[in-house]
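I have placed the structure first, in the form of structure tokens, so that the comments after it can refer back to it.
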Amino acid sequence: MVRTSELGKDKRLKVLRLDSNQAPDFAAAVRAGLSGTPKSIPSRFFYDDIGSDLFEQITELPEYYLTRSEQSIFEERADTIVGFAKKPISLVEFGSGSSKKTRLLIEAALRQQAALSYAAVDISEDYLESTARRLLKDYPALSVTAIASEYFDSLDIIPQANCPRLFLFLGSNIGNLEDDEAQRFLARIKSSMASEDRLLVGMDLEKDASIIEPAYDDLEGITARFDKNVLARANRELGANFDLDSFVHRARYSQVRSRVEVALISQREQDVSISELDLDFHLSLGEPIHTEISRKYGLEDVQRLARGAGLTLADRWFDSQNWFGLFMFKPDL
Ligand code: AVJ
């Protein structure tokens with residue numbers, strides 16, 4: 001179900017909500033993920049308000065190179081990136097978060113055209129709205145459609161445009177998806193693209209484990225708190241009784257699968273109950289609850305994903321260390 005509101009007097013902000021990211025969804029996912037073995041909770045449930053704040057803190061950690069690497073590409077290339085078509089263009093972003101990197105694209109576009117529409121999709125509703133309001137304050141020529149939804153569901157309600165659109169999927173958010181899911185999502189985006197539209201995907205690249213692993217297990221322990229927040233969220237929203245101190249955050253880079261695998265490891269035999277789900281279960285010593293994968297890509301992986309989704313690589317840009325890539329795709333004809 002879609003609910004729409006044009007908030008306050010600001011005609012430049014439209015908020016759309018898809019009810020799929022609400023509590024029942026979290027409850028169902030927790031039940032499905034914790035009833036059998038191996039146990040898991042999907043990473044999209046990290047991002048309630050607390051989790052979104054913790055993720056913002058992660059992006060500033062010395063170990064977490066991804067955001068800075070991507071930002072540095074935008075600093076050098078924003079004008080080129082938005083130069084893919086005759087102006088005006090509009091922007092559509094999946095997983096917009098704080099929209100910090102997107103500001104560089106917004107500013108570049110507004111140097112070349114008088115007004116800009118930006119549709120931002122994010123799973124964290126309050127976060128999305130406060131980000132949208134800040135953007136509107138900073139850019140009087142901007143109008144924003146804020147869509148509170150999961151990625152897949154959002155595609156049906158993204159506004160059409162009578163100008164070329166640049167779709168954005170940044171920050172290596174794609175890396176949380178299994179390859180088949182990623183390919184299906186890209187194919188779904190492709191199916192809503194016109195021939196002059198483009199898709200820009202930020203992807204973290206394969207590199208040595210000694211660089212990757214600290215990015216997912218920082219010294220300050222912020223990433224551990226981020227990971228454990230999903231258990232804290234179950235305590236808050238579902239009446240679970242997880243003892244956070246009985247779990248340790250683990251992040252390992254698998255060279256074979258080219259991905260970080262994140263899990264919370266039970267530090268003892270323990271029983272957990274989730275009152276609102278009427279669910280009780282047992283965890284043995286050392287048993288993992290898998291919470292996240294973060295895929296790292298080689299150039300062949302990028303090409304394979306694109307081909308499978310009906311997209312062609314049109315351009316690519318890297319940071320000076322070649323740690324992170326921005327890939328611009330166009331739809332196959
Ligand atoms: C937001 C999905 C890109 O995988 O690097 C950061 C999430 N998890 N630290 C990533 C995350 C642990 C992040 N993405």
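Each residue takes its place number in the sequence, starting with 1. For ligands, and for the atoms within them, numbers begin at 1 and follow the listed sequence. Not measured: the values here are computed from a predicted model.
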Report task. Tell me whether the centres of the aromatic rings in F55 and F46 are closer together than 6.0 Å. Result -> no
Query raised in the report: When the aromatic ring centroids of F94 and F185 are compared, is their separation below 6.0 Å?
Result: yes
Query raised in the report: Has Y47 got any heavy atom lying under 4.0 angstrom from an atom of ligand 1?
Result: yes
Query raised in the report: For the residue pair Y151 and F169, does the interplanar ring angle fall in the parallel (under 30°), tilted (30 to 60°) or perpendicular (over 60°) class?
Result: perpendicular
Query raised in the report: Partners of D243 by salt bridge (charged side-chain N to carboxylate O under 4.0 Å, His left out), sequence neighbours excluded?
Result: R268
Requested in this report: Could you see which bit of F46 sits under 4.0 Å from ligand 1, with heavy atoms only: side chain, backbone, both or neither?
Outcome: neither
Report task. Taking only Lys NZ, Arg NE, NH1 and NH2, and the carboxylate oxygens of Asp or Glu, determine whether R252 and E213 approach each other closer than 4.0 Å. Result -> no
May I ask you to list the atoms of ligand 1 that are less than 4.0 angstrom from any heavy atom of [X]?
| X | answer |
| --- | --- |
| F55 | 1 (C), 6 (C), 7 (C), 13 (C) |
| N176 | 2 (C), 4 (O) |
| G171 | 3 (C) |
| S172 | 3 (C) |

Report summary line: Checking heavy-atom distances from atom 1 (C) of ligand 1 to each of T291, N173, T223, the winner is N173
For [atom], what is the closest protein heavy atom, and at what distance to 0.1 Å?
| atom | result |
| --- | --- |
| atom 7 (C) of ligand 1 | E292 OE2, 3.2 Å |
| atom 4 (O) of ligand 1 | S294 OG, 2.7 Å |
| atom 13 (C) of ligand 1 | Y64 OH, 3.2 Å |

Query raised in the report: Just checking, is any N or O donor in the side chain of N229 or R236 under 3.5 Å from an acceptor N or O on the other one?
Result: yes
Query raised in the report: Can L238 be reached from L279 by stepping across I, L, V, M, F, W or Y side chains whose heavy atoms are under 4.5 Å apart?
Result: yes
